There are 2 protein chains.
Amino acid sequence: MRKQTSSNTINKNNLETNCGMAYAISVLSGRWKQSIWGFLLDNGKLRYGELKRKLIGISEKMLINQLKELEKDGLINRIAHPEVPPRVEYELSDKGKTLENILVLMSSWGTKNADNRIKT
Amino acid sequence: MRKQTSSNTINKNNLETNCGMAYAISVLSGRWKQSIWGFLLDNGKLRYGELKRKLIGISEKMLINQLKELEKDGLINRIAHPEVPPRVEYELSDKGKTLENILVLMSSWGTKNADNRIKT
DNA sequence: TCAGGTACTAACAAAAAAGTTAGAAATGCG
DNA sequence: CGCATTTCTAACTTTTTTGTTAGTACCTGA
């Protein structure tokens with residue numbers, strides 16, 4: 001899908017491979033990823049449908065999409081039970097859990113600083 | 001420019017206003033912002049042209065664009081000297097500097113974890 | 001007077017991200 | 001059989017982000 005030769009993609013890859021900070025931000029940068037991460041931290045395992053109910057406003061496409069990316073980046077585990085109707089659970093992986101310290105800091109930085117924002 | 005009623009924008013705003021974590025990530029999420037932040041941390045003040053030379057591959061439009069956003073979010077200060085030819089310096093604001101702890105953590109998390117990435 | 005350096009701006013185009021809508025597979029149950 | 005349940009796909013559109021290219025304004029100094 002993605003054109004690997006566009007200068008857009010080239011620049012992005014350079015930054016991500018050269019800089020751990022950029023990589024860290026990139027794995028958390030989807031519109032819904034932080035929320036998903038937070039719900040999984042609070043709840044342990046959650047089924048697809050439970051996540052959908054918690055993430056108010058998300059579409060099925062975006063939910064799958066964000067879950068797939070988080071899984072690809074190794075932050076979550078997908079546990080599929082071979083049943084019908086299907087039952088799929090998601091949970092933070094060990095790698096995903098190692099973000100906790102950082103994200104707690106970011107969260108408190110954010111709530112402390114968001115109000116200082118200069119309005120447009 | 002931006003349509004404030006699209007569900008895209010609504011979702012984005014909801015997440016950013018409800019969650020400090022999302023706000024923190026959003027102010028750092030431009031393609032070049034982390035690099036700009038890093039150079040300003042290392043160098044103190046930098047002129048527009050100096051930044052441009054350091055940010056290899058950036059276009060003038062993107063440089064201005066990212067600087068304007070960082071300024072709007074209060075992370076950097078813009079110091080314009082009334083001279084000809086113009087001289088404009090950028091530096092981290094106090095608010096911008098408060099991100100240092102977090103970004104150092106993120107950076108080391110990133111370099112530690114980027115290799116574990118599951119390739120496509 | 002006119003090129004040169006500096007920090008931008010504007011108009012447009014391409015690419016990526018997000019959203020919408022419709023539907024598919026698989027099986028148990030009435 | 002036909003329907004419900006659950007987790008996803010696929011095709012398509014809209015919105016946002018990023019990139020390209022060509023300028024501009026200003027004074028200085030030759």
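Note on naming: letters A, B, ... go to the chains in the order of the sequence lines (proteins, then strands), and numbering restarts at 1 for each one. Only a predicted model underlies this, so the values are computations on that prediction, with no experimental measurement involved.
What separates CD1 of A/Ile64 from P of C/dA17 is a distance of 18 Å, to the nearest Å. Rounded to an integer number of Å, the gap from CG of A/Leu63 to P of D/dT9 is 11 Å. Between the CD atom of B/Glu89 and the P atom of C/dA7 there is a distance of 9 Å, rounded to whole Å. One can place CD1 of A/Ile36 at 11 Å from P of C/dA18, the figure rounded to the nearest angstrom. The separation between B/Tyr48 atom OH and C/dG5 atom C1' is 13 Å, rounded to whole Å. Counting to the nearest Å, the P atom of C/dA16 and the CE atom of B/Met62 are 14 Å from each other. Rounded to an integer number of Å, the gap from CD1 of B/Ile25 to C1' of C/dA17 is 16 Å. Atom CZ of A/Arg78 and atom C1' of D/dT6 are 12 Å apart (whole Å).
For A/Arg31, counting side-chain heavy atoms from C-beta on, the closest listed nucleotide (D/dT9, C/dG19, D/dT18) is C/dG19. Closest contact between the side chain of A/Pro85 and the listed nucleotides C/dT20, C/dA7, D/dT6 involves D/dT6.
Side-chain contact between A/Gln66 and A/Met62: present, with at least one pair of heavy atoms (C-beta onward) separated by less than 4.5 Å. Taking 4.5 Å as the limit, every side-chain heavy atom of B/Ile79 sits out of range of all side-chain heavy atoms of B/Val88. Taking the side chain as every heavy atom from C-beta outward, A/Ile25 and B/Gln34 approach each other to under 4.5 Å.
Residues B/Ser29 and A/Ser29 approach most closely at OG-OG, 3.5 Å, considering heavy atoms.
Comparing B/Gln66 and B/Glu60 along DNA chain D, the residue whose closest nucleotide (by nearest heavy atom) sits nearer the 5' end is B/Gln66. Taking the nucleotide of DNA chain C with the nearest heavy atom to each of B/Tyr90 and B/Val84, the more 5' of the two is matched to B/Val84.
Taking only side-chain nitrogens and oxygens, A/Arg87 never comes nearer than 4.0 Å to OP1 or OP2 of D/dT5. Remark: B/Arg47 is in phosphate contact with C/dA7, judged by side-chain N or O atoms under 4.0 Å from OP1 or OP2.
Here the CD1 atom belonging to B/Ile58 is positioned 9.5 Å from the CD1 atom belonging to B/Ile64, to the nearest 0.5 angstrom.
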Return all side-chain donor-acceptor pairs below 3.5 angstrom for residues 37-49 of chain A, not counting sequence neighbours, or 'none' if the list is empty.
unit_1, atom_1, unit_2, atom_2, d
A/Trp37, NE1, A/Gly96, O, 3.1
A/Asn43, ND2, A/Phe39, O, 2.7
A/Arg47, NH2, A/Pro86, O, 3.4

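Looking at B/Lys61, its side chain has no donor and acceptor atom pair within 3.5 Å of the base of D/dT21.
Rounded to 10 degrees, the angle between the two end axes of the helix from C/dT1-D/dA30 to C/dG30-D/dC1 is 30°, with five pairs used at each end.
Checked against side chain to side chain contact (heavy atoms under 4.5 Å, CB included), B/Glu69 has the following partners two or more places apart in sequence or in another chain: B/Lys33, B/Asn65.
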